Amino acid sequence: MRPNTVGWLMLAPTIAILGIFGIIPFIYVLYVSFHQWNPFGASPDMIYNGANNFRRLVFDTEFLTSIAFTMKFAFFAVLSEIALGYLLAQLFMKEFPGRGFFRTIHTLPLIVAPIVVGSVWRLMTTPSIGIIPYLLKSWFGYDLNIGRDATAAFALTVIMDIWHWTPLVTLTLLAALLALPKEPFEQAQIDGANRRQIFWHVTLPMIRPAILATVFIRLMDALRTVDEVWMLTSGGPGAATRFVGLHIWKIVFPKTDYGYGAAISVIVLYLTLVMCWLLYVALVARRERKRTF
Amino acid sequence: MAHVTVTDVTKKYGALPVIHGVGIDIADGEFVVLVGPSGCGKSTLLRMIAGLETISGGTVAIGGRVVNDVLPKDRDIAMVFQNYALYPHKTVADNMGFPLKLKGAPRSEIEAKVRKAADILDLGKLLDRYPKQLSGGQRQRVAMGRAIVRDPQVFLFDEPLSNLDAKLRVTMRVEIKELHQRLKTTTIYVTHDQIEAMTMADKIVVMRDGRVEQIGAPLDLYDRPANVFVAGFIGSPSMNFVPGRLSMASGQVNFVSDKGTVLPVPEGTPDHGEPVIYGIRPEHIDVRPDGLSARISVLEPTGSETQIFAHLGGDPVMAAVRDRVAVTPGDTISFRIDPYRAHLFEARSGRRL
Ligand SMILES: Nc1ncnc2c1ncn2[C@@H]1O[C@H](COP(=O)(O)OP(=O)(O)OP(=O)(O)O)[C@@H](O)[C@H]1O
Ligand SMILES: [Mg+2]
């Protein structure tokens, strides 16, 4: 190995940023998670309390429910986003008048800040002033009240997430589809595959890396959703949409229980990693198998 | 197996016509090569036969059935692409077995057919590899294996050898030919390499700018090219052309080039008032004493033969001789041209006289 001072110098800014904004805070959170620390409480000092925060969390039903809801939310949101995103990507592959225009405007939700998305959806869904309850009422006679109906509130958080993030999936899958060579598809037609078979045997395996990358990105994002849902439902009604991000927020800010909040953050990070790893094993590692007959 | 009939086929991309009425009859079991310079429409024609491009006019029939509106998957053809088009995520065995799997063939049958094709192509050890773990030549063979496994009515090849190095190309050329002799499947093979065309074909179709220039057996095209284009395209090194006229002198017709060189023509050549082009293949010019004297400009010895670039009077010609000649550039050499090997073409239309 030859010494490469210039190379390290070039990397230095990146490493510094990564360190300041990534690694140091992470280690700090890890440190805090082993302490009892409520700076606005009776004893504002940081007191080491071993794994107590983690022990407490295992018996915290609110926390466990929030994890369950978060998983459910992530599952429905990401699955729908991938399916819908793929369909839209395929649509944008086709020639139709105004394709360029639609390709452009469909990405608009992406540039809206989550907090704004949440407020707008709240406006649209507030009973008696929002357009959505109004239309649902006049067309289907359905009373939408996300302040009272837990299922509707949950569904709405999923729909909002789909609205906000499907364009991202469409973009990545569109890029993947555009980069595919056309020969395997022509070959498949000649080999006798119909459209369904081409999808399962050629398209899907070939864009699989892009799909996986998108699933990972979206899954990690969905698991830490806070601001949109906070604006839309504030976690209610009851705890129906109190996803784990909101739970942490409530513990850290209104209750200023920093030690416990840090512990939950660490566990959520750990769970996210485990889930991604499981997904990876299930979907990627399986590839290196033998032939199918 | 089946005969293929292409009748008056045209192709337009939007308003741009690229194939202008092509007709080819291909007999059952025949090996036909479509050859022509880049962009002449060979691939387009082949893809229309495969069903990958729509046919703008005319008909394509496979085994007597017009297939213009038949999907590629229902045409019972196999195609090998220039870049092989293997499925990157499938093993060699799965690549080869895929067409059968799609048909719902039982596992044992797929296994047996893949095994057999693998034996023919010497792929037995590679069956569990992925395409990215193969060399170009091996990929090429897998692509052919996938075609063989199908046992289709027609094989279509689009420049299957052009990504291989020169030596491998020769080997694969022989392999494909052997394969054809063994399977006797009707084959349409596209190439821009006239040597491939000459060595492999039962019948060659020479194309230019979306038109057929000549159809015939390889040696027919070599011996009696229908026009200047075919004459120049078939044969390597390519034919010498000298523009000039035929003129009557002392009771005998002779060719006199624009620069004044007199060249021999076969006895009984009719006098022709119009300008003509005189064609003579380099291998039909011999170095003999008492011939036409030429001044050598460049020598290119290749070992098996020597290519002599020289000036006959004012006209540049090239001779390819098998004997080693002890000459250097600047020397004068004596060429003999066999008049019966000369080709005469009408200058205006380029057509053979
Ligand atoms: N999709 C297309 N749109 C418009 N023109 C096209 C299209 N595909 C091919 N062409 C044109 O059709 C003509 C024939 O193309 P083709 O690919 O058949 O040539 P080719 O004989 O196979 O050449 P090569 O030896 O380089 O492969 C070319 O002039 C090409 O520019
Ligand atoms: Mg081509």
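All values below come from the heavy atoms of this structure, side chains included, with hydrogens, waters and symmetry mates left out. Each chain gets a letter, A, B and so on, in the order the sequences are listed, and its residues count up from 1. All values derive from a computational prediction rather than experimental measurement.
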Verify, without hydrogens or angle tests, whether B:R150 (side chain) and A:I190 (backbone) share a donor-acceptor contact under 3.5 angstrom. yes
Check whether more than 12 heavy atoms from other residues, nucleotides or ligands sit under 6.0 Å from atom OH of A:Y270, and answer yes or no. no
Tell me if the NZ atom of B:K116 is crowded by more than 12 foreign heavy atoms within 6.0 Å. no
First locate atom CZ of B:F98, then atom CD of A:Q187, and finally report the distance between them rounded to the nearest 0.5 Å. 9.5 Å
Need one label for B:R75: side chain, backbone, both or neither, based on atoms under 4.5 Å from any heavy atom in chain A. neither
Contacting moiety of A:P184, where chain B heavy atoms sit under 4.5 Å: both
Polar side-chain atom of B:Y87 near backbone of A:A188 as donor-acceptor pair, under 3.5 Å: yes
Assess whether atom CZ of A:F199 is packed by more than 12 heavy atoms of other residues, nucleotides or ligands within 6.0 Å. yes
So, the part of B:N83 with a heavy atom under 4.5 Å from chain A: the answer is side chain
What distance separates A:E186 CD from B:R47 CZ, expressed to the nearest 0.5 Å? 4.0 Å
Interatomic distance, A:D191 atom CG to B:K73 atom NZ [nearest 0.5 angstrom]: 12.0 Å
Let's test your reading of the structure: which of B:L71, B:L102, B:V80, B:D76 forms the most heavy-atom pairs below 4.5 Å with chain A? B:L102
If you count heavy-atom pairs within less than 4.5 Å of chain A, which of B:A143, B:A85, B:A50 leads? B:A85
Checking B:L86 against chain A: side chain, backbone, both or neither under 4.5 Å from a heavy atom? backbone
Return the NE2 to NZ distance between A:H201 and B:K90, rounded to the nearest 0.5 Å. 6.0 Å
